[in-house]
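Input: a single structure, listed below in structure tokens.
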Amino acid sequence: MASNNLINNSIITREALMIRRNSNDLIKNISREYQGQFAQRGAKIGDTINVRLPNDYVVQDGPVVNPEATAERSIPLTINFRKNVPMSFSTQERTLNIDDFSERYIAPAVNALVGQVASDAMTLALQASNMVVNTDDQGNLIAPSSQTWLQAKAILTSCNAPLDDRFAVLDPMTDANTVSGMMGMFNPGNTVSRQTTDGQMGSKILGVREWMQDQTVMISQTGSYDSKATATGTYGNYTPNGAPVTTISSSASPHSSVLTVSAINGTLKAGDIITIAGVNRINRVNKNSLHIPQQFVVLADCASGATSIPLSPAIIPPGANGPVPYQTVDAAPAADAVVKLVAPAGSIIRRNMLYSKRALTLATVDLENVSELGPLCARASLDGVSLRTVTYYNGTDDTRSTRLDVLYGIGMLRPDWCVIVPELVQA
């Protein structure tokens, strides 16, 4: 049997790194490029940074230049999540060998903690501004097909998302239904495909770098809105949480507007996707109309009777002289333009998502090593997530209590680089 000092905090933390977790893939496959900017020694910046987004320019004709100032955009990324898992065990239990200790204590704790980080990251699906639905002849929502996923990929391309580093995250039920619908397809040469042998979607299929199955995929209900309200022709800047926001800004979120409409009948929920008649997608490079409805995500719940809808991306039509930087649509909303809900009203859906890796970001911060204060403390990186383990002794009942902590922030940098591919949850 192992000695009492064999299983220490460093052992616990290192062992956590080797435990396979069922909620790990999403965390590994979103951008981590801004993490190093937090909590730097000698250069601490607090809990928020402004992440700059790519600049957008308009090509001009002829030899004469008409200089235009560059309006840089940025989105705040805030470290505002703190989670922990407490464990308690006697010194007698601490003498277990590492395999037993790992199975009984570390694995369940790490699964719970990292699963919660993944679940928080999944809430970003409510900010994705695109959706592709698969319906039957009666308009009922059905499981996505290969065509559904290909259409979602096409939307990412039309939004100028990078062609590589595209990932899909599916609820286990959607994954099963998708595999069933594609059984026997995509077998490269003499190799049996992953979806046939493992019963889940394989890698590098349909232009997707990796397909991930995750039980933390969000399940939500669409609003009851009847898709009959009309725009008034007026729209403006959305002000979330009372913070000043302009359509294009160097210090705040640049992709939100508020649309004024006739009183809606039924509710809209945050995360609902809507369209506005006559307001179409554009090619983000040359600004030409694609002649299909631009989709917008509703940013906050709207009660029945509401006359304004906060949405993203921002409504940025061409100017009087043609295309403008950061343009998102081919025309401004006209009076009496009908506003429609994309998914069927009142549907409980699984929010499966196809996304570009750089659309989402996660940043964790090393919590202070408190060993000098008495407790045993260790830190390590867990699939890019900084984990701290602290143990302290209670002599009253001869137990050691250990807590695993993580401090992090998540952010949606490009809502248009995410596409929701919903599946109806059957009653």
For Asn177, does its backbone N or O pair with a side-chain atom of Ser180 as donor and acceptor, under 3.5 Å? no
Measure the shortest side-chain to side-chain distance between Ile315 and Pro333 over non-hydrogen atoms and say whether it is less than 4.5 angstrom. yes
Pairwise distance CG(Leu77) to CD1(Ile79) - rounded to 0.5 angstrom: 5.5 Å
Pair Ile155-Leu354, side chain to side chain contact (heavy atoms under 4.5 Å, CB included): steps then yes or no: CA-CA 10 Å; Ile155 286 179; Leu354 178 67; over 6 Å; no
How far apart are the closest heavy atoms of Pro375 and Val390, and which atoms are they? CB-CG1, 3.6 Å
Do Arg388 and Asn84 have side-chain atoms, one donor and one acceptor, less than 3.5 Å apart? no
Would you name the heavy atoms of Tyr393 and Thr399 that are closest together and state the gap between them? CD1-O, 3.3 Å
Side-chain heavy-atom pair Pro144, Glu423 within 4.5 angstrom cut-off: yes
Would you say the side chain of Ile309 lies within less than 4.5 Å of the side chain of Val298, judging by non-hydrogen atoms? yes
Do Asn265 and Ser304 have side chains that get closer than 4.5 Å, going by heavy atoms? yes
Hey, are the side chains of Arg358 and Arg414 touching, using non-hydrogen atoms and a 4.5 Å cut-off? no
ring-ring contact (aromatic ring centres under 6.0 Å, His included) contacts touching residues 106-152 (sequence neighbours left out): Trp149-Trp211
By ring-ring contact (aromatic ring centres under 6.0 Å, His included), Tyr392 pairs with (sequence neighbours left out) none
Result of checking Asn134, Val133, Val425 against Leu141 for side chain to side chain contact (heavy atoms under 4.5 Å, CB included): Val133
We want to know whether Arg209 and Ser356 form a side-chain donor-acceptor pair, criterion being a heavy-atom distance below 3.5 angstrom. no
Looking only at atom types and distance, does a side-chain atom of Thr230 sit under 3.5 Å from a main-chain N or O of Asp336, one as donor and one as acceptor? no
Which atom pair, heavy atoms only, marks the closest approach of Thr328 to Ala314? OG1-O, 2.7 Å
Main chain of Gly346, side chain of Thr222: is a donor-acceptor contact present, judged purely on distance under 3.5 Å? yes
Do Asp272 side-chain atoms and Gly223 backbone N/O form a donor-acceptor pair below 3.5 Å? yes
Passes side chain to side chain contact (heavy atoms under 4.5 Å, CB included), Leu126 versus Met218? Steps please. CA-CA 9 Å; Leu126 292 175; Met218 281 201 70; 3.7 Å; yes
Could you tell me if Asn352 and Thr174 have a donor-acceptor pair between their side chains, going purely by distance under 3.5 Å? yes
Under a 3.5 Å distance rule, please check whether Gln151 uses its side chain to pair with a backbone N or O of Val132 as donor and acceptor. no
Any donor and acceptor pair, going by atom type alone, linking the side chain of Gln327 with main-chain N or O of Val324 inside 3.5 Å? yes
Distance from Gln147 atom CD to Leu206 atom CG, nearest 0.5 Å? 11.5 Å
Side-chain H-bond candidate by donor/acceptor type, Ser158 with Arg284, under 3.5 Å: no
Before you tell me yes or no, could you show the steps for Ser220 and Arg351 under side-chain hydrogen bond (donor to acceptor under 3.5 Å, both in side chains), namely the whole-Å CA-CA distance, both residues' side-chain angles and the distance that decides it to 0.1 Å? CA-CA 7 Å; Ser220 64; Arg351 289 184 171 268; 2.7 Å; yes
Under 3.5 Å side-chain donor-acceptor pair for Thr260 and Thr234: no
Residues Asp175 and Gln213: side-chain donor-acceptor under 3.5 angstrom: yes
Main-chain N/O of Val339 paired with Tyr225 side-chain donor or acceptor, under 3.5 Å: yes
Just so I know, are the side chains of Asn280 and Gln294 near enough to count as touching, which here means a heavy-atom distance under 4.5 Å? no
To check you understand the geometry: which heavy-atom pair defines the closest contact between Ala343 and Met131, and what is its length? CB-SD, 3.8 Å
Any donor-acceptor pair under 3.5 Å from Ser227 side chain to Leu341 backbone: yes
For Asp136, does the CG atom have more than 12 heavy-atom neighbours from other residues, nucleotides or ligands under 6.0 Å away? yes
Taking all non-hydrogen atoms of both residues into account, name the closest pair between Pro313 and Gln295 and its distance. CD-O, 3.7 Å
Does the pair Lys357/Asp165 count as a salt bridge with the N-to-O cut at 4.0 Å? no
Look only at the side chain of Thr267 and the backbone of Ser224, and say whether a donor-acceptor pair between them is shorter than 3.5 Å. yes
Between Ser312 and Ser256, do the side chains contain a donor N or O and an acceptor N or O under 3.5 Å apart? no
Closest contact, heavy atoms only, Cys418 versus Tyr355: SG-CB, 3.7 Å
To the closest 0.5 Å, what do you measure between CG (Asn130) and CD1 (Ile273)? 7.0 Å
Does the distance from a Lys or Arg side-chain N to an Asp or Glu carboxylate O, for Lys83 and Asp120, drop under 4.0 Å? yes
Val365 side chain reached by Tyr408 side chain, heavy atoms, under 4.5 Å: no
Rounded to the nearest 0.5 angstrom, the CG-CD1 distance for Leu362 and Ile30 is 4.5 Å
Heavy-atom donor-acceptor pair, Thr157 side chain to Lys153 backbone, under 3.5 Å: yes
Mind checking the NZ-CE spacing from Lys28 to Met212? Nearest 0.5 Å is all I need. 9.5 Å
With a 4.5 Å cut-off on side-chain heavy atoms, are Asn140 and Leu424 touching? no
Rounded to the nearest 0.5 angstrom, the CG-CD distance for Leu26 and Glu210 is 10.5 Å
Do Thr78 and Asn80 get their side chains close enough for a donor-acceptor pair, meaning under 3.5 Å? no
Taking atom types as modelled and ignoring hydrogens, do the side chains of Asn283 and Asn288 form a donor-acceptor contact shorter than 3.5 angstrom? no
Going through the distances and angles, do Ile349 and Gln221 end up as a side chain to side chain contact (heavy atoms under 4.5 Å, CB included)? CA-CA 6 Å; Ile349 59 173; Gln221 186 169 16; over 6 Å; no
